[in-house]
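We count residues from 1, following the sequence as given. Keep in mind that this is a model prediction, so the values were computed, not measured.
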Amino acid sequence: QVQLVESGGGLVQAGGSLRLSCVASGRSFSGYAMGWFRQAPGKEREFVATISWSGGTKSYDDSVKGRFTISRDNAKNTVYLQMNSLKPDDTAVYYCASSPRLAPMTLRSYDYWGQGTQVTVSS
């Protein structure tokens, strides 16, 4: 089984930056795409970003495009989400997840999920 653990969340002011990390353990995530999703209280979990195994394919939701960057270091079994120019609307629990597909954007394409890390952006 695969375990995914997110870290790096916290409280920041609007305009600030955070870098989230997601480390896979228990087994290799070789061949798997990785994605980031977020969920605010009372709202549906929504897609944020995804990256293919090779790193050659990346996709972002329009709400974060140009501000967030997804990357991965397969030697460290780690995926990152660099978040810049943060806005109060970015406040949510952020989840990482793995998928056997190329780099999907739909929640149901992901099979393993982390526990989430809280990101709070104050105005």
Side-chain angles (χ1 to χ4, degrees):
Q1 299 297 316
V2 175
Q3 294 85 44
L4 304 175
V5 180
E6 304 96 333
S7 63
L11 173 64
V12 297
Q13 289 189 351
S17 297
L18 284 173
R19 188 179 74 159
L20 306 184
S21 300
C22 174
V23 179
S25 61
R27 60 174 291 174
S28 173
F29 66 177
S30 179
Y32 276 66
M34 297 295 296
W36 287 96
F37 294 77
R38 65 187 182 185
Q39 187 168 22
K43 296 186 177 181
E44 298 283 320
R45 190 169 299 186
E46 65 180 11
F47 168 76
V48 176
T50 186
I51 184 169
S52 63
W53 166 250
S54 69
T57 302
K58 300 177 182 179
S59 297
Y60 300 91
D61 184 76
D62 287 342
S63 67
V64 306
K65 197 170 187 177
R67 299 187 297 121
F68 291 10
T69 302
I70 189 170
S71 61
R72 68 191 298 164
D73 184 344
N74 289 343
K76 299 173 68 174
N77 289 333
T78 302
V79 176
Y80 305 96
L81 185 68
Q82 178 66 47
M83 305 185 295
N84 298 326
S85 302
L86 282 162
K87 305 174 180 179
D89 284 349
D90 296 319
T91 296
V93 177
Y94 283 71
Y95 299 89
C96 69
S98 63
S99 173
R101 303 190 184 278
L102 177 63
M105 293 180 283
T106 58
L107 184 150
R108 66 180 61 189
S109 294
Y110 292 82
D111 49 4
Y112 292 100
W113 292 81
Q115 85 291 345
T117 186
Q118 177 71 48
V119 172
T120 303
V121 184
S122 63
S123 60

For this session: Mind jotting down which residue pairs meet the side chain to side chain donor-acceptor pair (under 3.5 Å) criterion with at least one end in residues 34-43? Sequence neighbours excluded, please.
Result: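 Passing the test, one end in residues 34-43: Arg38-Glu46, Arg38-Ser63, Arg38-Asp90, Arg38-Tyr94, Gln39-Arg45.
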
Taking [Y] as the starting point, is it possible to reach [X] by hopping between hydrophobic residues whose side chains are less than 4.5 Å apart?
| X | Y | result |
| --- | --- | --- |
| Val79 | Val119 | yes |
| Tyr60 | Val121 | yes |
| Ile51 | Leu4 | yes |
| Trp53 | Val23 | no |

For this session: Rounded to the nearest 0.5 Å, what's the gap from OG on Ser71 to CE on Met34? Could you check?
Result: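 One finds 11.5 Å between OG of Ser71 and CE of Met34.
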
Exercise. If you round to the nearest 0.5 Å, how far is SG of Cys96 from OH of Tyr80?
Worked result: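 These two atoms lie 12.0 Å from each other.
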
Problem set entry | Over 12 non-hydrogen atoms of neighbours within 6.0 angstrom of CZ in Arg101 |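 At most 12 heavy atoms, drawn from other residues, nucleotides or ligands, come within 6.0 Å of this atom.
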
For this session: Would you check, one step at a time, whether the test side-chain contact (heavy atoms from CB on, under 4.5 Å) holds for Arg67 with Met83?
Result: CA-CA 6 Å; Arg67 299 187 297 121; Met83 305 185 295; over 6 Å; no

Exercise. After noting the C-alpha distance and the side-chain angles of Leu86 and Gln13, does the key distance pass the side-chain contact (heavy atoms from CB on, under 4.5 Å) rule?
Worked result: CA-CA 8 Å; Leu86 282 162; Gln13 289 189 351; over 6 Å; no

Problem set entry | Under the side chain to side chain donor-acceptor pair (under 3.5 Å) test, residues paired with Ser17 that sit two or more places apart |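 Residues passing side chain to side chain donor-acceptor pair (under 3.5 Å) with Ser17: Asn84.
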
Problem set entry | Side-chain donor or acceptor of Thr57 paired with backbone N/O of Ser52 under 3.5 Å |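 No; zero donor-acceptor contacts below 3.5 Å.
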
Exercise. Is Phe47 isolated, or which residues cluster with it under the ILVMFWY side-chain rule of less than 4.5 Å, directly or via members?
Worked result: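 ILVMFWY cluster around Phe47 also holds Phe37, Val93, Tyr95, Met105, Leu107, Tyr110, Trp113.
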
Problem set entry | Ala40 versus Thr91, closest heavy-atom pair with distance |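 That closest heavy-atom pairing would be CB-O, 3.8 Å.
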
Exercise. How close do Asp111 and Pro100 get, heavy atom to heavy atom, and via which atoms?
Worked result: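 Looking at all heavy atoms of both residues, the closest pair is OD2-CD, 3.9 Å.
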
